[in-house]
Amino acid sequence: MDVRLIRSEIDYEGILKEVNFIRRKYNLEIENQISLQAPTSDANPRHWNCSIGKLNKLSYDESIYIHPIFKEMPLTNHYINSLNAFRCRIMISDPKACMSMHRDASPRIHIPVKTNKDCLMIIDNNCYNLEVGNCYFTDTTKHHTAVNASRENRIHIIGCVND
């Protein structure tokens with residue numbers, strides 16, 4: 001199965017407040033990806049970009065990125081920990097944007113915190129609309145993309161998980 005619901009009743013409004021707070025506090029408003037976990041326990045907000053980008057450009061194996069960077073995000077960190085997710089990031093898709101088709105090394109969890117009916121995930125030519133308030137397992141080891149065909153940002157918390 002490409003996508004499956006793994007948890008509902010996620011406090012997406014609380015997560016969105018935390019996301020907006022750290023974006024303002026640390027002057028990260030223009031960034032489309034923000035790391036939420038680092039490879040070492042001495043992580044701090046200046047490590048906000050340690051896990052973004054291509055896997056082969058990371059300093060460590062992606063499974064090592066497990067230490068929270070932002071202590072000001074207790075709700076988000078709680079969900080990440082309860083889902084056993086690693087290398088988690090805030091992913092912001094600009095309006096009218098589309099990612100290239102690609103495959104990831106591991107599946108992902110998605111917690112949509114700001115989205116709408118015009119934001120889609122396509123996995124193996126199947127379209128999905130991931131709704132706020134839920135957490136989804138997505139098999140991103142398959143050919144996939146994300147499309148934001150709306151006029152506002154799409155914001156998801158995305159993390160790697162084991163099968």
Side-chain angles (χ1 to χ4, degrees), residues 5-55 57-99 102 104-116 118-121 129-138 140 145-148 150-162:
L5 177 68
I6 56 175
R7 186 176 293 175
S8 59
E9 299 183 14
I10 299 287
D11 181 1
Y12 69 93
E13 292 171 327
I15 295 173
L16 185 58
K17 284 180 186 174
E18 291 180 349
V19 167
N20 289 334
F21 176 78
I22 65 121
R23 289 179 74 206
R24 278 190 307 274
K25 180 175 181 179
Y26 298 106
N27 197 27
L28 300 171
E29 287 100 340
I30 64 168
E31 303 302 331
N32 287 346
Q33 289 191 50
I34 301 168
S35 300
L36 295 176
Q37 293 172 303
T40 60
S41 59
D42 63 347
N44 65 62
R46 73 169 187 258
H47 297 117
W48 68 269
N49 62 351
C50 68
S51 70
I52 62 175
K54 298 205 179 286
L55 192 57
K57 303 282 187 195
L58 296 180
S59 299
Y60 303 92
D61 181 86
E62 70 179 353
S63 65
I64 302 299
Y65 292 79
I66 59 171
H67 303 280
I69 292 176
F70 298 100
K71 307 303 184 228
E72 303 94 331
M73 299 185 77
L75 180 62
T76 305
N77 291 331
H78 162 74
Y79 285 121
I80 289 169
N81 290 336
S82 71
L83 295 162
N84 295 316
F86 52 93
R87 193 182 167 219
C88 292
R89 297 164 318 276
I90 299 167
M91 300 284 285
I92 302 169
S93 178
D94 292 330
K96 301 187 274 182
C98 178
M99 295 179 66
H102 64 284
D104 296 326
S106 59
R108 305 284 192 251
I109 55 113
H110 277 251
I111 302 174
V113 294
K114 184 177 179 190
T115 191
N116 63 62
D118 296 323
C119 296
L120 303 170
M121 186 159 198
N129 183 274
L130 307 182
E131 298 176 353
V132 296
N134 295 318
C135 177
Y136 299 90
F137 169 89
T138 60
T140 55
T145 187
V147 177
N148 181 357
S150 77
R151 297 185 186 272
E152 57 187 40
N153 285 343
R154 166 193 178 261
I155 303 173
H156 282 206
I157 302 298
I158 298 176
C160 302
V161 291
N162 295 314

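- A 4.5 Å side-chain heavy-atom check between P68 and I80 finds every atom pair outside the cut-off.
- Judged as a salt bridge (charged side-chain N to carboxylate O under 4.0 Å, His left out), the pairs with a partner in residues 66-92 (not counting sequence neighbours) are, in order, K25-E72, E62-R87.
- Under the 30°/60° scheme for interplanar angles, the aromatic rings of Y65 and Y60 are found to stand perpendicular.
- Counting heavy atoms from C-beta outward, S59 and C50 have side chains that stay 4.5 Å or more apart.
- Other residues, nucleotides and ligands contribute over 12 non-hydrogen atoms within 6.0 Å of the CD atom of E29.
- Contact annotation: the side chain of L83 approaches that of I6 to within less than 4.5 Å [non-hydrogen atoms, C-beta and beyond].
- Here I69 contributes atom CD1 and I34 contributes atom CD1; the two are 10.0 Å apart, rounded to the nearest 0.5 Å.
- Here the SG atom belonging to C119 is positioned 9.0 Å from the CG atom belonging to N153, to the nearest 0.5 angstrom.
- Side-chain N or O atoms of T140 include one that pairs as donor or acceptor with a backbone N or O of S106 at under 3.5 Å.
- Residue T40 holds its OG1 atom at 11.0 Å from CD1 of I64, rounded to the nearest 0.5 Å.
- The line from CH2 of W48 to CG of N27 is 10.0 Å long, rounded to the nearest 0.5 Å.
- Taking 4.5 Å as the limit, some side-chain heavy atom of I22 sits within range of a side-chain heavy atom of I90.
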Criterion side-chain contact (heavy atoms from CB on, under 4.5 Å) on C160 and R108, from CA distance to verdict: CA-CA 4 Å; C160 302; R108 305 284 192 251; 3.0 Å; yes
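- Residues F70 and N77 are not in side-chain contact: their nearest non-hydrogen atoms beyond the backbone lie 4.5 Å or more apart.
- In summary, the side chains of R154 and H156 do present a donor paired with an acceptor at a separation below 3.5 Å, with no hydrogens or angles considered.
- Looking at every heavy atom in both residues, C98 comes nearest to V147 through SG-CG2, 3.7 Å.
- Between I15 and L75, the shortest heavy-atom distance links the atoms N-CD2, 3.7 Å.
- Between the CG atom in L36 and the CD1 atom in I157 there is a gap of 5.0 Å [rounded to 0.5 Å].
- Contact annotation: the side chain of I92 approaches that of R23 to within less than 4.5 Å [non-hydrogen atoms, C-beta and beyond].
- Closest approach of V113 to Y12, counting heavy atoms only: O-CD1, 3.7 Å.
- Contact record, C135 with L5: O-CD1, 3.6 Å, taken as the closest heavy-atom pair.
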Intermediate values then yes/no, side-chain contact (heavy atoms from CB on, under 4.5 Å), Y136 and M121: CA-CA 12 Å; Y136 299 90; M121 186 159 198; over 6 Å; no
Where do T115 and L130 land on the side-chain contact (heavy atoms from CB on, under 4.5 Å) test, with the steps shown first? CA-CA 8 Å; T115 191; L130 307 182; 6.0 Å; no
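- Counting only N and O atoms by type, the side chains of S150 and D118 include no donor and acceptor under 3.5 Å apart.
- With hydrogens and angles disregarded, no donor-acceptor distance shorter than 3.5 Å links the side chain of N134 to the backbone of P112.
- Judged purely by atom type and a 3.5 angstrom limit, N148 uses its side chain to pair as donor or acceptor with the backbone of D94.
- For the salt bridge (charged side-chain N to carboxylate O under 4.0 Å, His left out) condition, no pair includes a residue of residues 39-54, sequence neighbours left out.
- Counting heavy atoms from C-beta on, the side chains of V19 and M73 come closer than 4.5 Å.
- Under the 3.5 Å distance criterion, the side-chain polar atoms of S35 are matched with a main-chain donor or acceptor of S51.
- Two residues are said to be in side-chain contact when any heavy atoms from C-beta on lie closer than 4.5 Å; Q37 and H67 fail this criterion.
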